[in-house]
Amino acid sequence: MKLLTLNVHAWQEDQQDAKINELAQAIYEEQYDVIALQEVSQHRDAELIDGDVKADNYGYVLLERLTSLGGDHYKMVWAPSHYGYEVYEEGLALLTRHPIVDSSHFYVTKSKEMTNWKARTIVHAKIDVNGIISHFYSCHLGWWEDTEEPAREQMEKLLSHLPSNERVYLMGDFNNHADLRGEGYDFLSQNGFLDTYQLAQEKDSGVTVEGKIAGWDQNKQDLRIDLILTNQPTVVSKSNVVFNGKNRAIVSDHYGVEVTVSPKSE
């Protein structure tokens, strides 16, 4: 099973159209089984086309590009989280080419107001991948040291929503650097989550952010904050950073992470 997570920084990128095409082409070529996207935005004033999804929803536009390539078998689950950059409804998405058994979304912050940019939604889908049913969560969490909406409380609420005794994949932008001890990465590890990067038989640096980006305005180091975690023994043959200018063109201020996993331990 091949998974991808990427914070797309929707509608904030130079050459945005070309970058959507690059992402669509990669998805079509790689045929990812499940894709988690964050900062999947749509303009507040755009036309509604399907439920809460509007005509310029980044995920919807991406699906249209995939369809034009012949990848019309992908489906999307999307939900808004908060208003971003004043005019956008910013949310999260899961895309898959497999049957969606169930889906949901829920807030993990105290605030559930769209007007509060710290409000955080999680998007969940229960997906049947070739007969193996797993729960996937697209996550975009806050910062460990935030006093208003601390990441620990968000993670605790996220964990409270997870099914017991079923396979779970947490995928996304955790805003908690994996090399920092005693913060979010360690908290999730102590609560039973395994990092597919650490499990991988073949891997690269894992770095998904270089230098300053939105939310990390003072950053001067390489960060590994985009992760794919799971709660059960998993064989991971590869973990690669993608869309970093070395492994495919840059499409966002974050790089993506792709992993190839087998949900059964050897």
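- Residues Y28 and Y74 are not in side-chain contact: their nearest non-hydrogen atoms beyond the backbone lie 4.5 Å or more apart.
- Annotation: cation-pi geometry satisfied between R44 and Y83 (NZ/CZ under 6.0 angstrom from ring centroid, within 45° of ring axis).
- Open room surrounds OH on Y60; 12 or fewer heavy atoms of other groups in view lie less than 6.0 Å from it.
- R65 and N21 share a side-chain donor-acceptor pair at under 3.5 Å.
- More than 12 heavy atoms of other residues, nucleotides or ligands shown are found within 6.0 angstrom of NZ on K118.
- Atom CD1 of I127 is separated from atom CD1 of I132 by 13.0 Å, given to the nearest 0.5 angstrom.
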Run the side-chain hydrogen bond (donor to acceptor under 3.5 Å, both in side chains) check on H73 and Q31 step by step: do they pass?
CA-CA 10 Å; H73 47 301; Q31 289 294 296; 2.9 Å; yes
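- Residue L63 holds its CG atom at 10.5 Å from CG of D72, rounded to the nearest 0.5 Å.
- In summary, of the residues considered (H82, H43, Q42), a side-chain hydrogen bond (donor to acceptor under 3.5 Å, both in side chains) with E89 occurs for Q42 alone.
- Y255 has its ring centre no less than 6.0 Å from the ring centre of F243.
- Cluster membership for V257 and I27, using ILVMFWY side-chain heavy atoms within less than 4.5 angstrom, is not shared.
- The backbone N or O of V241 lies less than 3.5 Å from no partner atom in the side chain of K203, so there is not a single donor-acceptor pair.
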Let's go through Y185 and D195 carefully: what are the C-alpha distance in whole Å and the side-chain angles of both, what is the deciding distance for side-chain hydrogen bond (donor to acceptor under 3.5 Å, both in side chains) to 0.1 Å, and is it a yes or a no?
CA-CA 9 Å; Y185 181 85; D195 185 356; 2.7 Å; yes
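- A donor atom on one side chain and an acceptor atom on the other are found under 3.5 Å apart for H140 and D173.
- Residue K238 holds its NZ atom at 15.0 Å from OH of Y197, rounded to the nearest 0.5 Å.
- At least one side-chain heavy atom of V168 sits less than 4.5 Å from a side-chain heavy atom of N231.
- Going from atom CD of E22 over to atom CD of Q25 covers 7.5 Å, rounded to the nearest 0.5 Å.
- In this structure Y137 satisfies the ring-ring contact (aromatic ring centres under 6.0 Å, His included) test together with H124, sequence neighbours excluded.
- No side-chain heavy atom of Y107 sits under 4.5 Å from any side-chain heavy atom of I122.
- In this structure K212 satisfies the side chain to side chain contact (heavy atoms under 4.5 Å, CB included) test with no other residue, sequence neighbours excluded.
- Within a 6.0 Å radius of NZ in K112, other residues, nucleotides and ligands contribute more than 12 heavy atoms.
- Residues M76 and L94 fail the side-chain proximity criterion, which asks for heavy atoms closer than 4.5 Å.
- S103 places no side-chain N or O within 3.5 Å of a backbone atom of V77 that could act as its donor or acceptor partner.
- Residues passing the ring-ring contact (aromatic ring centres under 6.0 Å, His included) test with Y58 are W11, sequence neighbours excluded.
- Other residues, nucleotides and ligands contribute over 12 non-hydrogen atoms within 6.0 Å of the CD atom of E166.
- Side chains of C139 and M171 form no contact here, defined as non-hydrogen atoms less than 4.5 Å apart.
- Applying the 6.0 Å contact sphere to CD of E64 captures more than 12 heavy atoms from other residues, nucleotides or ligands.
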